[in-house]
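See structure below.
Along the sequence shown, residues carry numbers from 1.
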Amino acid sequence: MNICRNFLKINKANYLKFIEKKNYSMGKKFKAVPFSERIVFLPHCMRSTGNCKAKDEGTYYSCVQCGACKIAQISKLAKELGYKKLYIMKGGKAIQNILINEKIKAVVAVACHFEGAQGIKMTDKLKVITQFVPLLKDGCCDTDVDVETVRKIMEQK
């Protein structure tokens, strides 16, 4: 499978350094974008397998605040801050369509190092200001993120 081979080619340590530099370089521009013109992308692998009640919207899920995973905390914060939307993405291809169709100015994206590397290429190409948060535990299900790191990035203004 090509995806598995691609995972082996990405150096996680280099990716983390790259994210840090990328977030720093876009920090001022990101802070200038109002919350209402920002969205959040979370990976579907953060959902609690078997417990999540998120609504299936086709290419993404919508959080219903069931509390089974950390997505509910992030979703609640996004609503409180006035973010345009939070998407729990099933795959990366749909992200490009959302960015183009909704004319998004800024994104907070949580991803594993593989998907994050792809996302950086995409958002750079589309000139979308992005702040990335790497997963603490990656894989294809029941992944984890530091909610406080996500919160700090989301609250920037």
Side-chain angles (χ1 to χ4, degrees), residues 3 6-7 10-27 29-31 33 35 37-49 51-57 59-99 102 104-124 126 128-157:
I3 292 174
N6 287 337
F7 271 111
I10 298 171
N11 180 313
K12 193 172 183 177
N14 287 342
Y15 169 67
L16 295 175
K17 288 178 191 174
F18 182 71
I19 282 181
E20 191 176 301
K21 288 179 184 177
K22 192 75 168 162
N23 285 354
Y24 180 78
S25 71
M26 291 192 167
K29 289 179 183 179
F30 181 81
K31 290 175 185 178
V33 177
F35 294 144
E37 295 178 23
R38 298 179 190 176
I39 62 169
V40 179
F41 285 129
L42 300 176
H44 72 95
C45 59
M46 280 181 56
R47 296 172 49 225
S48 177
T49 305
N51 298 317
C52 179
K53 308 281 189 255
K55 183 178 175 189
D56 189 336
E57 304 283 0
T59 57
Y60 63 92
Y61 294 97
S62 293
C63 182
V64 296
Q65 301 289 311
C66 70
C69 63
K70 292 180 179 181
I71 291 174
Q73 296 170 50
I74 298 168
S75 177
K76 181 180 176 190
L77 177 62
K79 287 178 184 173
E80 288 172 357
L81 293 173
Y83 270 63
K84 185 172 184 173
K85 186 129 179 163
L86 178 138
Y87 293 93
I88 306 165
M89 299 305 300
K90 292 180 180 181
K93 287 286 184 189
I95 291 172
Q96 183 170 340
N97 293 335
I98 291 169
L99 293 174
E102 294 197 24
I104 299 303
K105 292 185 179 180
V107 171
V108 174
V110 175
C112 65
H113 64 283
F114 175 76
E115 293 293 337
Q118 300 304 310
I120 288 169
K121 290 178 193 174
M122 182 188 308
T123 56
D124 281 353
L126 296 172
V128 175
I129 301 161
T130 308
Q131 296 289 283
F132 283 92
V133 181
L135 290 170
L136 295 174
K137 174 189 171 239
D138 56 10
C140 294
C141 64
D142 298 316
T143 59
D144 193 20
V145 72
D146 180 1
V147 174
E148 281 308 306
T149 300
V150 176
R151 175 184 304 283
K152 287 176 186 174
I153 288 177
M154 288 176 67
E155 291 176 338
Q156 291 180 35
K157 63 178 181 173

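- Sorted by first then second residue, the salt bridge (Lys or Arg N to Asp or Glu O under 4.0 Å) pairs that include residues 147-157, not counting sequence neighbours, are Glu148-Arg151, Arg151-Glu155.
- In this structure, Leu135 CG and Thr143 OG1 are separated by 4.5 Å, a value rounded to the nearest 0.5 Å.
- Partners of Thr59 according to the side chain to side chain donor-acceptor pair (under 3.5 Å) rule, which considers only residues two or more places apart in sequence or in another chain, do not exist here.
- Counting only residues at least two apart or in different chains, side chain to side chain donor-acceptor pair (under 3.5 Å) contacts with residues 73-82 comprise Gln65-Ser75.
- In this structure, CD1 on Ile129 lies 10.5 Å from OG on Ser25, to the nearest 0.5 angstrom.
- Taken to the nearest 0.5 Å, the CD1 atom of Ile104 stands 9.0 Å off from the CD atom of Glu37.
- Taking Phe30 as the reference, nothing meets the ring pair (Phe, Tyr, Trp, His ring centres under 6.0 Å) condition, with sequence neighbours excluded.
- Distance CD1/Ile98 to CZ/Phe41: 4.5 Å, rounded to 0.5 Å.
- By the side chain to side chain donor-acceptor pair (under 3.5 Å) test, Glu102 is found to be paired with Tyr87, residues two or more places apart in sequence or in another chain being considered.
- Partners of Tyr83 under the side chain to side chain donor-acceptor pair (under 3.5 Å) rule, at least two apart in sequence or in another chain, are Arg38.
- For the atom pair NE2 (His113) and CD (Gln118), the distance works out to 11.0 Å, reported to the nearest 0.5 Å.
- Remark: Ala68 pairs with Ser48, Asn51, Cys66 by the side-chain contact (heavy atoms from CB on, under 4.5 Å) rule, at least two apart or across chains.
- For Glu57, the salt bridge (Lys or Arg N to Asp or Glu O under 4.0 Å) criterion is met by Lys55, not counting sequence neighbours.
- Residues satisfying the side-chain contact (heavy atoms from CB on, under 4.5 Å) test with Asn97, not counting sequence neighbours, are Asn101.
- Partners of Asn23 according to the side-chain contact (heavy atoms from CB on, under 4.5 Å) rule, which considers only residues two or more places apart in sequence or in another chain, are Ile19, Gln131, Phe132, Ile153.
- Residues that satisfy the salt bridge (Lys or Arg N to Asp or Glu O under 4.0 Å) test with Asp124, not counting sequence neighbours, are Lys22.
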